[in-house]
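To start, the structure itself, in structure tokens.
As the structure is a prediction and not an experimental result, all values here were calculated from the model. Heavy atoms only: backbone and side chains are in, while hydrogens, waters and symmetry mates are out.
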Amino acid sequence: MATPNPQIQLGGLARKLVADGLLPEPKALEAQKKAFETKTPFVNYLVTKKLVSGLDVAKTAANEFGVPVVDINAIDFDSEVIKLVSEKLIRKHRTLPIYKRGSRLFVAVSDPTNLQGLDEIKFQAGMGTEAILVEDNKLTTAIEKAMEESDSVMAGLGDADLDDVDFADEDAVGGPDVPESEIDDTPVVRFINKVLLDAINKGASDIHFEPYEKNYRVRLRMDGMLTEVASPPVGMAPKLSARIKVMSRLDISERRVPQDGRIKLNLSKNRAIDFRVNTCPTLYGEKIVLRILDPSSAKMGIDALGFEPFQKDIYMENLAKPYGMILVTGPTGSGKTVSLYTGVNVLNQPGVNICTAEDPSEINMPGVNQVNVNVKVGLTFASALRAFLRQDPDIVLVGEIRDLETAEIAIKAAQTGHLVLSTLHTNDAPQTLTRLSNMGVAPYNIASSVNLIIAQRLARRLCTHCKKPIKVPNEALLKEGFTKAEVAKGITIHAPVGCDQCNEGYKGRVGIYQVMPVTETIGRIIMEGGNSMQIADQAVKDGVPDLRQSGLKKVRDGMTSLDEINRVTKD
């Protein structure tokens, strides 16, 4: 006998918001349901969806539960107090210890009903807890700021500390007959350590060690652009490459062929950074590039990626589907892996079996079964996928669909009750469908298995401290792609300036997305053998903004500059 669905009851805070006229009851019920389904705290859901302002929620909660409201921006954080609670617990319960008095720890919360969170903090800190109510949006900013300051363990390292940096497994040296002096040269060791720490502090994504005939340079890729940061003597080149190869467990006697390795840098008990290392023999020595792999980048939350609210909703809806395929497309370095792993992080629950095959795995995530592809021994994407399908998976992530064999197995998995996530290298979402067709995948299989395609780019974000508004003629704005209605309403364009807080007027990057669901109409175009232009036209009719339009929206919002959008989106 089937049991009836229980009537959804409004919680105390939701009931009070309805009673105070701040939220209609139907919307409150819907918000409570959606927050539960997406595993989002109720207060956070209300504020991020702009159903109620953070201040109104805080005031209502204060009246209902008798908890004082404090402006968290006016509080100076005590890093020692924050360290009493792990980052995992802070992020899990959206709480932040702000100060202590005697044996009591005062904790900033946006939802005073989160008693489980307060209890877990009480247990971990070994102190009694007292809730302090703050606005949810300000709490989000405060947590990120506090974690950023806490994570910069390296920022305070002086030269005296550089020798003590903990690199895992660096004693496993490969290769015979290498002079000891070439490996253990203290100035070289200190120089490499300092470069790695500086790169992490500056938020770089890659480090380039480059030997030339008469000079040697070290460059960092920050916010997508390479910048020279050091120029050691060219005579140090062999010692620098030998040191990096020792750290990454490569054969230091082999200088004729490329090698791949990995370095693990332990910053603290709770945080480690991995470097993916590749060496390549050049005319004047080995060029070495280190890709910085920060696992926390996939846990920063889907709101930090840069999706517009409706794009985020489409992504979340498709992640919630039990089967089908989600494809992310874009050039190398456009953030595809982070977008996919942010989705995987949302799906990563104890009751779900997630398997990934990558070349190689860039982000380590507990609870996910990750496999590194190794073509030399026959472990390809296709063979890994076949193995996964015999491992009772719920969700499968394939690093990249490169050939017909991989595509067909992935599509078969998507059609037989699995959610498949993968990437392709195409310029936009419509071209992805025709690329699959050109690979040899049957149009019917494409239309019936692919649920969503996300094309993306990364644009540098304007520094909030120094960006300035500039005047651009209306004719130029229309030529760039803004509509007549937007121009008539008035558009404020900002440009970079440059200050001590940023890198040439930019700080950080933001994603620009084309989020295209594969509708029945688009599916029909595919099965009729339509091309990418026909699919793109239909996507426009369906209200899907292309990458250019999404980029111009970021310009209107003052997040980036027109020059930057032209750099990443203009053909």
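Of the inter-residue distances, the one linking Gln259 atom CD with Ile288 atom CD1 reads 9.5 Å to the nearest 0.5 angstrom. In this structure, Leu552 CG and Thr560 OG1 are separated by 11.0 Å, a value rounded to the nearest 0.5 Å. The distance from atom CG of Leu421 to atom CG of Leu340, rounded to the nearest 0.5 Å, is 5.5 Å. Between Asp223 atom CG and Lys507 atom NZ the span is 9.5 Å, to the nearest 0.5 Å. Phe209 contributes atom CZ, which lies 6.0 Å from atom OH of Tyr216 (distance to the nearest 0.5 angstrom). Taking CG from Leu319 and CG from Leu419, the interatomic distance works out to 6.5 Å, rounded to the nearest 0.5 Å.
Between the Ser422 side chain and the Val398 main chain, a donor and an acceptor come within less than 3.5 Å of each other. No donor-acceptor distance shorter than 3.5 angstrom exists from the side chain of Glu286 to the backbone of Ala242, with no hydrogens or angles considered. The backbone N or O of Ala357 sits nowhere less than 3.5 Å from a side-chain atom of Ser361 that would complete a donor-acceptor pair. Tyr315 places a side-chain N or O within 3.5 Å of a backbone atom of Ser339 that can act as its donor or acceptor partner. Counting only distance, with no hydrogens or angles, the side chain of Ser334 and the backbone of Pro331 share a donor-acceptor pair below 3.5 Å. With hydrogens and angles disregarded, a donor-acceptor distance shorter than 3.5 Å links the side chain of Gln514 to the backbone of Ala429. Using modelled atom types, one side-chain atom of Thr329 and one backbone atom of Thr426 make a donor-acceptor pair closer than 3.5 Å. Within the 3.5 Å criterion, the main-chain N or O of Met365 finds a donor-acceptor partner in the side chain of Gln370. A distance-only check finds a donor-acceptor pair linking the side chain of Tyr513 to the backbone of Leu305 [under 3.5 Å]. Under the 3.5 Å distance criterion, the side-chain polar atoms of Asp274 are left unmatched by any main-chain donor or acceptor of Lys264.
Counting heavy-atom neighbours within 6.0 Å of Lys312 NZ, excluding the residue itself, gives a total above 12. Other residues, nucleotides and ligands contribute over 12 non-hydrogen atoms within 6.0 Å of the CD atom of Glu210.
For Ser231, the side-chain contact (heavy atoms from CB on, under 4.5 Å) partners at least two apart in sequence or on another chain are Glu228. The side-chain contact (heavy atoms from CB on, under 4.5 Å) search around Val346 returns Met316, not counting sequence neighbours. Every residue two or more places apart in sequence or in another chain that forms a side-chain contact (heavy atoms from CB on, under 4.5 Å) with Asn318 is listed here: Ile314, Lys321, Ile326, Asn451, Leu452.
Contact check for Arg243 versus Met236: no side-chain heavy atoms found under the 4.5 Å cut-off. Side-chain atoms of His465 and Cys502, non-hydrogen and from C-beta on, never get closer than 4.5 Å to each other. At a threshold of 4.5 Å between non-hydrogen side-chain atoms, the residues Arg509 and Met222 do not count as touching. Residues Val371 and Asn369 have side chains not in contact (no heavy-atom distance under 4.5 Å, counting atoms from C-beta outward). The side-chain heavy atoms of Pro496 and Leu462, taken from C-beta on, include a pair separated by under 4.5 Å. Residues Leu196 and Ile273 have side chains not in contact (no heavy-atom distance under 4.5 Å, counting atoms from C-beta outward). A 4.5 Å side-chain heavy-atom check between Leu293 and Ile363 finds every atom pair outside the cut-off. The side-chain heavy atoms of Leu327 and Ile401, taken from C-beta on, include a pair separated by under 4.5 Å.
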task: Using the side-chain contact (heavy atoms from CB on, under 4.5 Å) rule, take Asp394 and Leu347 through it: C-alpha gap first, then chi angles, then the decisive distance, then the call.
output: CA-CA 10 Å; Asp394 297 297; Leu347 299 168; over 6 Å; no
Trace of the side-chain contact (heavy atoms from CB on, under 4.5 Å) decision for Leu240 with Val188: CA-CA 6 Å; Leu240 291 172; Val188 171; 3.9 Å; yes
message: Assess the residue pair Ile512 and Ile565 against the criterion (side-chain contact (heavy atoms from CB on, under 4.5 Å)); give the C-alpha distance rounded to whole Å, side-chain angles, the decisive distance to 0.1 Å, and a yes or no.
response: CA-CA 9 Å; Ile512 297 164; Ile565 292 305; 3.2 Å; yes
task: Could you give me the CA-CA distance, side-chain angles and deciding distance for Asp428 and Asp546, then say whether side-chain contact (heavy atoms from CB on, under 4.5 Å) is met?
output: CA-CA 8 Å; Asp428 60 16; Asp546 62 20; over 6 Å; no
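Side-chain contact, Ser205 with Arg221: no donor N or O sits under 3.5 Å from an acceptor N or O. Between Asp260 and Asn278, the side chains place a donor N or O and an acceptor N or O closer than 3.5 Å (distance only, hydrogens not considered). Under the 3.5 Å distance criterion, with hydrogens and angles disregarded, a donor-acceptor pair is assigned to the side chains of Arg94 and Thr140. For Ser383 and Thr380, the side-chain atoms include at least one donor-acceptor pair closer than 3.5 Å. Side-chain contact of Thr342 with Asn345: a donor-acceptor pair under 3.5 Å is absent, judged by distance alone.
In terms of heavy atoms, Thr569 sits closest to Leu547 at CG2-O, 4.1 Å. Here the shortest heavy-atom pairing between His208 and Val289 reads ND1-CG2, 3.7 Å. Heavy atoms only, all atoms of each residue included: Gly367 and Asn348 are closest at O-OD1, 3.6 Å. Closest non-hydrogen pair, Val568 versus Ala459, comes out as CG2-CB, 4.2 Å. Considering every non-hydrogen atom in both Leu404 and Gly440, the closest pair reads CD1-C, 3.6 Å. Shortest non-hydrogen contact noted between Ser248 and Ile263 is CB-CG1, 3.6 Å.
Arg567 has no carboxylate O lying under 4.0 Å from a charged side-chain N of Asp563, or vice versa, which leaves the two without a salt bridge. With respect to Arg457 and Glu564, no salt bridge is recorded, no charged nitrogen being found less than 4.0 Å from a carboxylate O. Salt bridge Asp198/Lys202: absent, no basic N to carboxylate O contact under 4.0 Å.
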